[in-house]
Amino acid sequence: AKETGKARCVVYSQEKFTQPEHDVSMEAAMFQAVRDGEFSLQYQPIVDARSRQIMGFEALMRWSRPGLGMVPPMQFIPMAENNGLINLLGAWALKSACVQIKQFEAIAGRPLYVSVNVSPRQFRNDQFLDIVDEAINLSGLKAHQLLLEITEGILMSDPEHAEHLLSAMLSRNVRIAIDDFGTGYSSLAYLKRFPIATLKIDRAFIKDLPASVKDVAICNVVLSLANHLNLNTVAEGVENEEQLDFLAQQGCNLVQGYLTGRPLVPNDIIQLLKPGVPD
Ligand code: C2E
Ligand code: CA
Ligand code: CA
Ligand code: CA
């Protein structure tokens, strides 16, 4: 059994570099994993850029395979998108994140928000709106405390559908964030057309701050644009003090990154939120 286990691992690592989405054994494992409850969520703090107070969390999906370790989301999310499991996983993530954040709030003694990733296939799914309603109703979370992270590509590929769905979200007070802002096929026109609340500046533009003249220029323009359009900004992947200083100084509202908090399991977040416990 050990031998076959090893052989399978070799196959995985070869296919990883070619076509991970066509890795049949990994796909079969994924369906079993849903059944066996191998998926979970971690929560990464999103903090005020100046005070560093935790304002909310991004829910990030994890797949832990017994005996094999963690499968990176970059690997299993595209697979789930291809085989359709993302609808099931995404609905589960949305509901459990809303329920979880209520518990976090109770411990922190103040309101917090939760940011949940929505994939293109979920966004296209007819039941998506019902799932959002269900998540809010069953958790008791206020709609404005839920932020849905979507990518530019989602808006661009079917603007009519996006308009319909986003106006439905707006009427509920559910907020929308553009994830990985600036990295997709985008046009600034959608910032005018759609009711967007937040821009998340991709780590690609953050990681070489403040040394990179180009990244400084890009971040300044994005922050100024967001400010003029009355949008919130979250800088992603903030790893050091220099980046945080720069961003806070340039008026970025919120930051998320290893400097201010890694993604953690709920129990660790609870420890973090308990009053009187120092950081
Ligand atoms: P994302 O939405 O851009 O999420 C941010 C990623 O950056 C996360 O990777 C997070 O762990 C990582 N990160 C946070 N701070 C830092 C930092 O300071 N430095 C560096 N190097 N990385 C940082 P993760 O958890 O591996 O997730 C990767 C991607 O998988 C996510 O990128 C998102 O696109 C997707 N994903 C994760 N969970 C879900 C989910 O529940 N649903 C969907 N549809 N996609 C998800
Ligand atoms: Ca995200
Ligand atoms: Ca992102
Ligand atoms: Ca990203």
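First listed ligand is number 1; within each ligand, the first listed atom is number 1.
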**OP:** Under the salt bridge (Lys or Arg N to Asp or Glu O under 4.0 Å) rule, collect the residues that match up with D208, sequence neighbours excluded.
**Re:** none

Numbered atoms of ligand 1 (with element) below 4.0 Å of [X], judged on heavy atoms:
| X | value |
| --- | --- |
| P263 | 11 (O) |
| E239 | 17 (C), 18 (O), 19 (N), 20 (C), 21 (N) |
| E58 | 2 (O), 4 (O) |

Give the single entry among [options] that approaches [atom] most closely by any heavy atom.
| atom | options | result |
| --- | --- | --- |
| atom 5 (C) of ligand 1 | E236, M74, R121 | E236 |
| atom 26 (O) of ligand 1 | P73, P45, A59, G90 | P73 |
| atom 3 (O) of ligand 1 | D180, L259, T183 | D180 |
| atom 14 (C) of ligand 1 | M70, Q42, Q44, M61 | Q44 |
| atom 37 (C) of ligand 1 | V255, L60, I150, V118 | L60 |

Original post:
Does some non-hydrogen atom of R262 fall short of 4.0 Å from ligand 1?
Top reply: no

Original post:
Counting only protein atoms, how many N/O/S atoms are less than 3.0 Å away from the Ca ion (ligand 2)?
Top reply: 4

Original post:
Is it the side chain (CB and beyond), the backbone, both or neither of V238 that lies under 4.0 Å from ligand 1, heavy atoms counted?
Top reply: backbone

Original post:
Which is it for D179 and ligand 1 at heavy atoms under 4.0 Å: side chain, backbone, both or neither?
Top reply: side chain

Subject >> Presence of salt bridge, R124 and E160, under 4.0 angstrom >> reply: no

**OP:** Tell me who clusters with V221, hydrophobic residues only, linked when side chains sit under 4.5 Å apart either directly or through other members.
**Re:** none

Subject >> Remaining members of hydrophobic cluster (4.5 Å side-chain criterion), L147 >> reply: I46, M55, Y113, V234, L254

Subject >> Connected via hydrophobic side-chain network under 4.5 Å: I150 and L170 >> reply: no

**OP:** Treat each ILVMFWY residue as a node, draw an edge where side-chain heavy atoms are under 4.5 Å apart, and state whether V99 and L264 are in one component.
**Re:** no

Original post:
Taking it one step at a time, do N253 and T233 satisfy side chain to side chain donor-acceptor pair (under 3.5 Å)?
Top reply: CA-CA 5 Å; N253 308 117; T233 42; 3.1 Å; yes

Original post:
Can R262 be said to sit on top of Y258's aromatic six-ring, NZ or CZ under 6.0 Å from centre and within 45° of the ring axis?
Top reply: yes

**OP:** Mark yes when over 12 heavy atoms from residues, nucleotides or ligands other than K142 sit less than 6.0 Å from its NZ; otherwise mark no.
**Re:** no

Original post:
Are any of the N or O atoms of R62 closer than 3.5 Å to those of ligand 1?
Top reply: yes

**OP:** Give yes if a backbone or side-chain nitrogen or oxygen of L41 is under 3.5 Å from a nitrogen or oxygen of ligand 1, and no if not.
**Re:** no

Original post:
Any side-chain heavy atom of I54 within less than 4.5 Å of one from F104?
Top reply: no

Subject >> Separation of L199 CG from D179 CG (nearest 0.5 Å) >> reply: 11.0 Å

**OP:** Drop me the distance from R121's CZ to I86's CD1, to the nearest 0.5 angstrom.
**Re:** 9.5 Å

